[in-house]
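Each remark here refers to the structure printed beneath this line.
Here the structure is a predicted model, which means the values were calculated and not measured. Note that ligands are numbered from 1 as they come in the structure, with each ligand's atoms numbered from 1 the same way.
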Amino acid sequence: MIEMDKRINLTGLSQAELVSFIEQTGEPAYRGRQIFAALQHRRLQSFADMSDLPRALRERLNETAAASTLTVESRYLSEDGTRRFLMKTYDNLPVETVFIPEERRDTICFSSQSGCPLQCTFCLTAQLGLLRSLTPGEIVEQVIIALNDAYGLGEKPPRGTNLVGMGAGEPFLNFDSLMKAVRIMADPQGLFIVPHRITVSTAGVVPRIRELAAIPDRPNLAISLAAPTDELRDELMPINKKWPLEELLGACREFERTLKPGERFTFEYVMLDGVNDSDEQARQLANLLNRHELHARVNLIPHNQADPLPYQPSPATRVEMFKSILESKGIRSFVRRPRGRDIFAACGQLAAVTQNVGLRVVEV
Ligand code: SAH
């Protein structure tokens, strides 16, 4: 295990920070840029692989710094090509990342926390509780590991890469680290994944929605709703007691006003059979969004089952009916196709599951 308290994780530094770290060790600035490119562009995960650095420098770096801190414990491959990585932090906490191949692009779903403090009743991650928030380096590293696994070390991705902050954790309870990771990943000399290719999902941390509204270079935003009334939302997503729908949708309205061309803003609505999927609830949801003058699209996500959770996914016909009611009231909506359900990689299934996931386990 790496003793991280003594070493600095270089994947969590911006290019400028890395340059000044290197200068402090008495090395010239260009070495800092070289190491940044090695980590973020060539996606190298050890100093030993950086053969263009002098051996003495590599040895010194090994004593004071780390080029990677996450280790992949297991890797699960779905029938649909989705891959789930179960990783461990240096202090032995689980981190999960999902790679979702699509025809025209690939999507990497990263986690912002190990576990999650929110107690959404339909989500398996809630059962872990919060273990801790991830550092910027740990967020960036998940993307590096997934890309290297999919394409080979440092190989250029053949398609575009989109990122979604929809893995374990509440990204807006780890806002500063998240935004720092977003800035690092945008560097043209590094991963070069720009904010408009990133979507971050929140259960509704209102102050951070307002904060994001004031940031010019920002990721796209998604808001998890799950219920059209406070009464039901209080029950399904306890965070609603702190920031109820009026307040949340007020902040959403303000955010929507700041949208620039090309930016995406969406709602997510997990469909739970017999709980939040009636015709009446579709009308309530449409009226609620219309009353707040919100134009964002609603993504309907059929519930992904997870054994201890007391819910069933809404039947496809119910989802279609719900969607057509929303649309009849002018709300655009879209039914999201679940990916990686067979390997516990789908929304709400990330709980560091290591057993009972069938045949396609690939240990690395
Ligand atoms: N904490 C953030 C990020 C997690 S995103 C948030 O709540 O937005 C995960 C998305 O998956 C959320 O929209 C959530 O509502 C949805 N989700 C959670 N559990 C699910 C499940 N079992 N089936 C389908 N979707 C689920």
- Query: Any side-chain donor-acceptor pair under 3.5 Å between H292 and E256?
  - Reply: no
- Item | Top protein contact for atom 9 (C) of ligand 1, by heavy-atom distance | M166 O, 3.8 Å
- Message: Below 4.0 Å, non-hydrogen atoms only: which portion of N304 touches ligand 1? Side chain, backbone, both or neither.
- Response: both
- Residues in ring-ring contact (aromatic ring centres under 6.0 Å, His included) with F267, at least two apart? F265
- Query: Name the one of V270, N240, L288, L248 that satisfies side chain to side chain contact (heavy atoms under 4.5 Å, CB included) with L225?
  - Reply: L248
- atom 4 (C) of ligand 1 [closest protein heavy-atom partner, distance rounded to 0.1 Å]: G167 O, 3.7 Å
- among protein heavy atoms, the one nearest atom 25 (N) of ligand 1 is C347 CB, 3.4 Å
- Query: Is any side-chain N of the basic residue among R283 and E280 closer than 4.0 Å to the acidic one's carboxylate O?
  - Reply: yes
- Message: For R43, is there an ion pair with E155 - N to carboxylate O distance below 4.0 angstrom?
- Response: no
- Message: Heavy-atom pairs closer than 4.0 Å: do any link ligand 1 to the side chain of T202, the backbone, both, or neither?
- Response: backbone
- Note on the structure: Nearest heavy atom to atom 13 (O) of ligand 1, choosing from A126, S224, P171, A203, belongs to S224
- Would you mind running through ligand 1 and noting each atom that sits below 4.0 Å from a heavy atom of I301? 24 (C), 25 (N)
- Query: Is the distance between the ring centroids of Y269 and F322 under 6.0 Å?
  - Reply: yes
- Task: Give the residue and atom name of whichever protein heavy atom lies nearest to atom 19 (N) of ligand 1, and the separation in Å to one decimal.
- Result: G348 CA, 3.1 Å
- Item | SB check D273 R318 (cutoff 4.0 Å) | no
- Item | Close N or O approach (F122, ligand 1; < 3.5 Å) | yes
- Taken in chain and number order and not counting sequence neighbours, the residues that satisfy side chain to side chain contact (heavy atoms under 4.5 Å, CB included) with A29 are V19, E23, R33
- Closest non-hydrogen protein atom to atom 10 (C) of ligand 1, residue and atom name please, with distance? E268 OE2, 4.0 Å
- Task: Would you please determine whether G169 falls within less than 4.0 Å of ligand 1 on a heavy-atom basis?
- Result: yes
